[in-house]
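Structure, as structure tokens:
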Amino acid sequence: MKEEIIIAGFGGQGVLSMGKILAYSGLMQDKEVSWMPAYGPEQRGGTANVTVILSDERISSPVLNTYDTAILLNQPSIDKFENKIKPGGSLIFDGNGITRFPDRKDIHIYRVDATEYAAVNNIAKMMNMLMLGAVLKIRPIVEIKNVLKGLKKTLPERHHHLIPMNEKALQAGAELIVKL
Amino acid sequence: MRTEQEEIRLMKGNEAIAEAAIRCGCDGYFGYPITPQSEIMETLMDLRPWESTGMVVLQAESETASINMVYGAAGCGKKAMTSSSSPGMSLMQEGLSYIACAELPCVVVNVMRGGPGLGTIQPSQADYYQSVKGGGHGDYKLITLAPASVQEMADFTMLAFELAFKYRNPALILADGIIGQMMEKVVLPPYQARMTEEEIRRKYPWATLGKLRGQKQNIITSLCLLPEEMEAVNLHLQAKYRQVEQNEVRYETLHCDDAEYLIVAFGSTARVCQKAVETAREQGIKVGLLRPITLYPYPSEAIARIAGRGRGVLTVEMSAGQMLDDVRLAVNGAVPVEFFGRLGGIVPAPDEVFEALKTKLIKENV
């Protein structure tokens, strides 16, 4: 098993954290993992992105030019990465503020309105967990129990009371998927 | 925390260096922040080792001050280190030349970024010449290790101290922005205690820890005005470097046994090239990869041996072609040596390397 993932959006949407949680979950599931952020000037105001690779074998390049799965949270990210998804791969996007929808015919495209759901339910900070819930329903690369194990390991103890809320967000996110 | 032995963690390369430094019994870190390596000092400050092992962590007023603080601490036989990125490393070159001449052990980490000048904060490998061809003045060498994973960032911190003390010579860990910033699985080594001053006196009789009654005076200096004496110092250093060249060459090979074509690359670029090799192998092209782990001493013999069996070599670097010189010297005209590189902070993509392999090296098959 090997899954090469790009997660991209605006700075502040939780792009890097989502990647970190995904990577940590992979670690909990005995996978080889790599997490490579774009740490340059594009983080300031433009798009933030992170490449996450989960694999059963040793990972070669942490930097890629094509991906199995793209999780795209804004228009610039769709414009930049839609054409870098391998044929047969998956594009999962948040519909908020999107004016030009992805339209490739050789990939699977899913819309997940996590931003809208988070705003309506007053859980804005849970947006990335809603999205992750949807992603893991579409591409079950790690088990939810390992996501929670990862959260427990990465969050300081004073934040552990937030884990059930995250679990709920993962479940709610899985219900938001619309296949295009 | 001190009871944890080997443990698996997910961490950045920079963080791994900080953790490994504490765990290998480092006595002092002296540094000045610069992207993309600032997490080294940040992590050390977070971990507060002065409360657990007694290790000193100090933000100096500049890189020049940092390297001279390392010089002082190293003179006392202490495990001292600093870290920086390219522009900061330029400022440290005078100090490194002094430390090399005074024959003191220390560890220096360079997480390279794009230059020249203040440049960019993105990854680069354009400090190769500076690292292995003598960035400062005089005939000296730094034992130079090039990590290609977060695990190696941790492992090479230990190894660099080991080699630095074995040869009484500065050791450099030459990483780049990718290895510094990326997170991977890493197994951290168990804690080793820092050495006591008595242990240092016993193990390193050259250390200047204060002259005891009946003991001879230790002098540490890089100044030697008489040219005959200075030549003797140089000959001694050269003899030591020959020993290092004989004993410490390290490299890794992948698919080299039946390779018709060889890619040579170090650090994160070697990881990118590994992906290109996988693609080539899927298409039936017999390509191998040699990754120098020590950039000084350089694995020239291995490159000559493997390249000599094949039809050509492609060197890939994030520079205009610096290690290329050493590959050409090693191959010595036996087969063609071509080059592919990206500059100024651009990381080559695996498919670019594969394209370069086809267009520059396997011309007849395109």
Side-chain angles (χ1 to χ4, degrees), chain A residues 2 4-7 16-44 48-67 80-81 83-84 86 142 146-147 149-156, chain B residues 7-14 35-39 111 113-114 120-123 148-151 176-187 252 254 265 267-279 281 289 291 316 318 342 344-355:
Chain A
K2 180 152 127 200
E4 299 176 328
I5 305 161
I6 180 86
I7 311 173
L16 299 188
S17 322
M18 198 201 303
K20 213 179 268 189
I21 294 163
L22 197 54
Y24 234 103
S25 315
L27 188 69
M28 295 297 115
Q29 207 159 305
D30 284 329
K31 302 279 178 214
E32 294 295 325
V33 298
S34 77
W35 175 93
M36 180 65 216
Y39 64 91
E42 60 260 60
Q43 266 177 299
R44 299 182 191 115
N49 72 70
V50 60
T51 304
V52 178
I53 307 172
L54 280 75
S55 175
D56 288 328
E57 278 156 40
R58 186 173 150 185
I59 293 164
S60 57
S61 179
V63 182
L64 302 167
N65 42 285
T66 56
Y67 309 90
K80 189 169 175 186
F81 292 109
N83 287 324
K84 295 186 174 173
K86 295 177 199 170
V142 285
N146 286 322
V147 178
K149 234 162 122 183
L151 279 175
K152 216 169 186 171
K153 248 198 127 148
T154 43
L155 287 175
Chain B
E7 45 174 329
I8 299 173
R9 300 259 287 271
L10 183 71
M11 59 199 327
K12 285 190 174 192
N14 289 335
T35 306
Q37 64 79 53
S38 296
E39 291 89 352
V111 183
R113 59 189 246 179
T120 167
I121 60 175
Q122 299 295 323
S149 65
V150 174
Q151 184 65 54
D176 61 68
I178 293 179
I179 304 295
Q181 291 297 324
M182 78 183 292
M183 290 205 300
E184 281 187 311
K185 199 152 112 174
V186 55
V187 180
E252 187 183 54
L254 177 78
S268 57
T269 306
R271 300 272 297 263
V272 175
C273 290
Q274 195 185 327
K275 183 114 187 157
V277 168
E278 287 164 11
T279 310
R281 286 269 163 184
L289 172 68
R291 172 173 78 93
V316 184
M318 287 189 280
R342 294 298 303 262
I346 302 282
V347 181
D351 65 345
E352 282 181 306
V353 175
F354 182 58
E355 274 309 304

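In what follows, every chain begins at residue 1, and chains take the letters A, B, ... in the order their sequences are listed.
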* Asked: Is it the side chain or the backbone of I59(A) that comes within 4.5 Å of chain B heavy atoms, both, or neither?
  -> both

* Is there side-chain contact between F354(B) and C273(B), with heavy atoms separated by less than 4.5 Å? -> no

* Between N146(A) and S25(A), does a side chain to side chain donor-acceptor pair (under 3.5 Å) hold up when you go through it step by step? -> CA-CA 5 Å; N146(A) 286 322; S25(A) 315; over 6 Å; no

* Structure fact -> If one checks every heavy atom of E278(B) against chain A at 4.5 Å, the contacting part turns out to be side chain

* Are V50(A) and K20(A) close enough that some pair of their side-chain heavy atoms sits under 4.5 Å apart? -> no

* To do: Using a cut-off of under 4.5 Å on heavy-atom pairs, state which of V272(B), V277(B), V347(B) scores highest against chain A.
  => V272(B)

* Give the C-alpha distance, both sets of side-chain angles, the deciding distance and a yes or no for salt bridge (Lys or Arg N to Asp or Glu O under 4.0 Å) between K31(A) and E184(B). => CA-CA 11 Å; K31(A) 302 279 178 214; E184(B) 281 187 311; over 6 Å; no

